[in-house]
Amino acid sequence: MTRVTAMGAGSPPSWPRRVLLVEDSELDLQLTLDAFGEVLPQTRVDTARSGEEALEQLGQEIEAGGELPDLVLLDLKLPGIPGSEVLREVRAEARTRRVPVVIFSSSREESDRAECYDSGANGYLVKPRNWDGFLGVVRSAGEFWLQWNAPPPWVPPGDVAPSRWARDDGGAP
Amino acid sequence: MENPTDVTSNPPANGRALPSPAQSAGLVALVYASVGIVWILLSDWLLAILIPAAEYYALVQSWKGSAFVLVTAVLLFFLLRHQYTRRTRRTEELREVNQRLNLHVENTPLALVEWDKGLRVTRWSPQAEEIFGWSAAEVMGRDWRHDDDWQFVVGEDRSQVGQIVDRSRAENTTGSFSLNRNYRKDGSIIWCEWYNSWVFDGEGEVVSMMSLVHDVTAEREAVEEVRRLNRDLEGRVHRRTAELAQANADMTALNYSISHDLRAPVRAVLGFGQIMERRHAHAFPEEARTHLGHILRAGEQMDALIDGLLEYGRLEATRGPRPSTDARSVALEVAREVEAALPEAKGAIEVSGSLPALPMDRTDLRRVLHNLVGNAVKYREPGRPMVIRVSGGTDSGVARLRVEDNGPGIPEEHRDRLFRLFERMHRADEVPGAGVGLAVVRRSMELVGGHVVIGDSHLGGAAFELTFPLNGSTTQ
């Protein structure tokens with residue numbers, strides 16, 4: 001597995017540096033990679049073709065002390081371990097717990113969506129019907145990452161709204 | 001403890017208790033003695049007053065003795081006649097009561113069997129002969145408990161029946177009941193209800209046991225039959241329910257499979273096709289561009305078919321309370337949407353001023369109306385301004401909704417076929433569509449127990465007539 005070198009040392013980039021795409025379908029994989037090439041050309045996309053492969057890759061990175069992906073795009077229907085199980089294992093492991101995982105599934109079922117959020121998914125994107133849809137999905141993934149990593153907005157001193165937590169501190173044991 | 005009841009010697013209800021023979025005889029003797037003593041005392045005293053002359057005295061005395069005998073004879077005559085008359089009348093009454101009782105016993109379908117203290121048969125009514133097959137002569141004096149030649153109570157029931165009788169005797173109750181199986185003479189088995197009463201004598205000692213027997217074999221068989229049918233029915237309902245659940249599960253699995261597996265190749269066709277169109281089509285020869293256009297349209301058509309199939313597969317009966325949806329507000333919404341989607345269609349969608357409340361979920365009714373109004377717009381006659389009218393009302397337990405237009409109409413022979421999944425009147429390249437809309441309409445109507453038919457509209461086109469049940473039954 002190749003190590004990822006940090007991009008510029010100054011301000012953080014406004015795109016995810018590295019995405020792990022877990023997808024078994026060759027055609028969907030190609031379309032997604034193609035869409036990344038068009039929308040987020042500077043993002044490196046690693047691929048895993050099964051749940052086992054994805055967990056193995058993440059495990060190797062942890063052992064090698066390397067950087068984890070900025071975002072995992074995870075298909076639900078995979079050969080072997082299903083995507084939902086991969087998600088649960090990622091959330092159960094202390095070092096991968098904070099990696100954002102966005103589900104990328106062809107299922108529009110409300111129950112699948114609810115189950116994924118219950119298991120700790122950060123987002124749920126339905127596989128699109130056509131090329132425009134794929135471009136939209138990659139754009140959404142990039143925007144999601146940006147918001148996820150956005151530094152807290154600068155608030156001028158004296159204009160700080162009273163925090164609910166600060167107020168609760170007084171009465172809480 | 002209840003009073004012992006003696007069935008055969010119950011006093012008639014209308015008479016007082018008869019004095020005992022000793023009482024009757026005592027009464028006669030008492031009257032006789034009283035009259036005799038009064039006579040002796042009075043007659044001599046009277047004689048002394050009436051006949052002072054002593055010379056007649058002896059003669060009168062003998063006359064007096066004869067008169068005494070005559071008077072007492074007359075007295076005895078009346079006394080005895082009175083007693084005999086009472087006895088005879090009472091005996092007559094008793095015989096009459098007995099006769100009526102016997103007639104009653106003989107006319108019931110119940111058999112009467114009487115047993116002595118040792119439970120040997122002492123009476124065996126004609127009905128008993130009929131029910132059990134043995135004649136009275138054959139069973140008289142027999143005891144089924146100790147007579148090995150007389151198989152009367154079915155083996156498994158013997159101890160139970162014996163216990164019931166013994167316990168009733170030991171606890172000094174007036175009678176007992178048992179429901180058990182008996183053999184008939186021909187060896188067949190019948191179910192009998194036995195109502196047994198002990199007969200006591202004047203001192204409260206058991207004289208016999210009287211049994212009324214009801215043959216309930218037919219009833220029990222009928223009850224058993226009903227039970228068996230019920231079990232069968234339950235089993236069948238159970239199996240059908242399981243089959244239905246399986247079919248539902250299959251349907252859900254199919255839907256899931258369709259949404260995942262069928263969509264994937266379509267996604268690839270459309271995805272790569274569009275990439276090719278965007279990036280390379282300008283370099284293609286004209287013919288290749290046309291072919292690519294066909295591929296993309298076919299892919300879109302396939303995608304629409306999958307959408308329709310999923311929509312159809314997801315339709316299911318509403319659970320919980322019966323919905324009541326204001327048809328007018330839904331129809332107005334649908335009309336606005338359709339008009340907004342097709343601004344180029346010249347014409348009007350009219351929604352009647354009063355539409356009934358319909359027993360259909362709002363989302364489902366929207367879908368139904370959307371399909372019908374959408375179809376009317378899609379298949380409008382190009383030459384003339386389009387008119388679509390939504391009207392309705394209620395009558396005799398049903399609500400009706402009518403969607404009609406001034407389009408080309410639907411020929412009679414196509415009307416049934418069009419409600420089937422993927423059936424269309426036009427080719428997909430003439431008018432786009434998946435052939436799912438009307439199937440969804442019909443399925444939605446069936447799920448609320450209603451139905452839909454196509455007719456002619458006086459506007460000139462087709463009329464879709466929807467009928468909804470209002471009382472919870474179906475309209476079929």
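For the pair B:R263 and A:K127, the minimum side-chain heavy-atom distance is 4.5 Å or more. Between A:S25 and B:R267 there is no side-chain heavy-atom pair separated by less than 4.5 Å.
Between A:W131 and B:Q274, the closest heavy-atom pair is N-OE1, 2.8 Å. Scanning all heavy atoms of the two residues, the minimum distance from B:A268 to A:L27 falls at CB-CD1, 3.4 Å.
Heavy-atom neighbours of B:D416 CG from other residues, nucleotides or ligands within 6.0 Å: at or below the threshold of 12. Summarising the local packing, CD of A:E63 is surrounded by 12 or fewer heavy atoms from other residues, nucleotides or ligands at distances under 6.0 Å. Within 6.0 Å of the CD atom in B:E287, the count of heavy atoms belonging to other residues, nucleotides or ligands does not exceed 12.
Salt-bridge annotation for A:D132 and B:R278: present, with a side-chain N of the basic residue lying under 4.0 Å from a carboxylate O of the acidic one.
Contact count versus chain A (heavy atoms, under 4.5 Å) is highest, among B:I275, B:L296, B:L270, for B:I275.
For the atom pair B:I306 CD1 and A:R129 CZ, the distance stands at 8.5 Å (nearest 0.5 Å).
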